[in-house]
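First up is the structure itself, then whatever we jot down about it.
So you know, we letter chains A, B, ... as the sequences are listed, proteins then strands, and number each from 1.
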Amino acid sequence: MRTWLVKSEPDVYGIDQLKKDGRTGWTGVRNYQARNTMRDDMKEGDLVVFYHSNAEPPGIAGLAKVVDAPIPDPTQFDKKSDYFDATSDKAEPRWVMAQLGFVEKFKALIPLDVLKADPKLAGLALLQKGQRLSVQPVSAPHFARILELAGAKTKSPAR
DNA sequence: GCCAACGTTGGC
DNA sequence: GCCAACGTTGGC
């Protein structure tokens with residue numbers, strides 16, 4: 001299995017909301033690279049780091065996992081949605097959403113400055129300058145380190 | 001609220 | 001196919 005990171009603004013959809021909902025469709029991704037990751041690479045059972053962006057402070061809040069195959073994102077056809085895409089064809093939807101389930105909320109958020117200061121997380125995509133992708137891969141060693149920093153209940157997956 | 005970095009759009 | 005203009009992201 002592989003591991004991933006998704007970003008969300010906690011004011012829009014945070015880890016607490018995912019905990020409450022149990023699972024959710026990851027709507028609103030309108031970037032081709034992120035879409036391709038969700039469509040082609042994220043598999044059921046993959047673990048996903050849940051990052052709070054535009055937060056005070058920003059940081060890693062918990063874990064989710066992929067619970068099902070991706071399906072078309074309904075907001076692309078919803079005229080009232082911010083994510084409406086008039087050029088997407090219903091017969092061949094342009095945008096998909098990953099199906100994510102709640103795994104755990106960390107006892108404490110791992111703040112961005114801690115992530116940046118950790119030598120073992122050097123190279124993590126999230127920390128690259130100008131990195132704006134909302135869905136990113138996380139290497140197995142980086143993932144294990146994040147679990148360690150968080151004191152996570154979840155065990156690092158076998159490679 | 002500012003602004004750097006980036007992706008996308010559209011004129012040519 | 002280039003690239004300037006624009007909109008968005010997201011840290012600060």
Side-chain angles (χ1 to χ4, degrees), chain A residues 2-21 24-42 46-66 70-100 102-139 141-143 145-152:
Chain A
R2 301 178 65 183
T3 51
W4 310 97
L5 179 146
V6 295
K7 295 181 191 173
S8 185
E9 302 189 22
D11 294 344
V12 178
Y13 196 94
I15 189 80
D16 290 323
Q17 190 64 44
L18 180 60
K19 183 176 185 178
K20 201 167 140 194
D21 293 345
T24 192
W26 203 249
T27 61
V29 173
R30 294 295 180 269
N31 170 283
Y32 287 103
Q33 198 178 340
R35 178 206 64 183
N36 293 347
T37 297
M38 291 195 296
R39 186 188 62 192
D40 304 331
D41 301 329
M42 293 174 88
D46 285 358
L47 287 166
V48 180
V49 174
F50 198 110
Y51 177 81
H52 281 176
S53 62
N54 270 323
E56 193 47 57
I60 293 172
L63 289 181
K65 69 178 171 187
V66 180
I71 59 175
D73 179 349
T75 62
Q76 68 195 302
F77 304 120
D78 179 0
K79 285 198 174 72
K80 295 191 291 288
S81 170
D82 287 345
Y83 302 119
F84 177 66
D85 182 351
T87 64
S88 183
D89 179 1
K90 273 197 172 165
E92 212 166 328
R94 175 172 302 154
W95 306 110
V96 300
M97 57 182 192
Q99 302 291 303
L100 298 185
F102 178 76
V103 174
E104 72 169 288
K105 179 184 177 179
F106 293 152
K107 290 188 293 288
L109 179 126
I110 314 172
L112 180 59
D113 54 5
V114 170
L115 301 173
K116 282 181 177 168
D118 192 312
K120 290 187 179 172
L121 292 178
L124 182 68
L126 177 75
L127 304 178
Q128 305 309 303
K129 184 175 184 177
Q131 176 55 267
R132 304 193 323 187
L133 267 185
S134 59
V135 180
Q136 319 175 344
V138 176
S139 73
H142 286 158
F143 189 82
R145 179 58 177 159
I146 289 165
L147 295 186
E148 191 180 5
L149 286 174

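Sorted by first and then second residue, the salt bridge (Lys or Arg N to Asp or Glu O under 4.0 Å) pairs with a member in residues 25-34 of chain A read A/R30-A/D73; sequence neighbours excluded.
Every residue two or more places apart in sequence or in another chain that forms a side chain to side chain contact (heavy atoms under 4.5 Å, CB included) with A/I71 is listed here: A/M97, A/Q99. A/H52 meets the ring-ring contact (aromatic ring centres under 6.0 Å, His included) test with A/F50; sequence neighbours excluded. For A/R94, the salt bridge (Lys or Arg N to Asp or Glu O under 4.0 Å) partners are A/D85, not counting sequence neighbours. Applying the side chain to side chain contact (heavy atoms under 4.5 Å, CB included) test to A/N54 and every residue at least two apart in sequence or in another chain returns A/E9. Under the rule for a salt bridge (Lys or Arg N to Asp or Glu O under 4.0 Å), the partners of A/D118 that lie at least two apart in sequence or sit in another chain are A/R145. Applying the side chain to side chain contact (heavy atoms under 4.5 Å, CB included) test to A/D78 and every residue at least two apart in sequence or in another chain returns A/K80, A/S81. In this structure, the side chain to side chain contact (heavy atoms under 4.5 Å, CB included) partners of A/F77, at least two apart in sequence or on a different chain, are A/S88, A/K90, A/P93. Evaluation of the salt bridge (Lys or Arg N to Asp or Glu O under 4.0 Å) rule for A/K105 yields A/D16 as partners, not counting sequence neighbours.
Contact check of residues 110-124 of chain A against DNA chain C (heavy atom, cut-off under 4.0 Å) returns A/L112, A/K116.
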Checklist outcome for this item: Contact string for nucleotides 1-10 of chain B, one letter per nucleotide 5' to 3', B = base within protein heavy-atom range under 4.0 Å, S = sugar-phosphate only, - = neither, reads ----BBSS--
Next on the checklist: As a check on the pairing definition, encode DNA chain C in dot-bracket form, counting Watson-Crick and G-U wobble pairs whose two distances are under 3.5 Å, and using | for partners outside this strand.
Outcome noted: ||||||||||||
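Here NZ of A/K20 is found 12.0 Å from CG of A/L18. Values are rounded to the nearest 0.5 Å.
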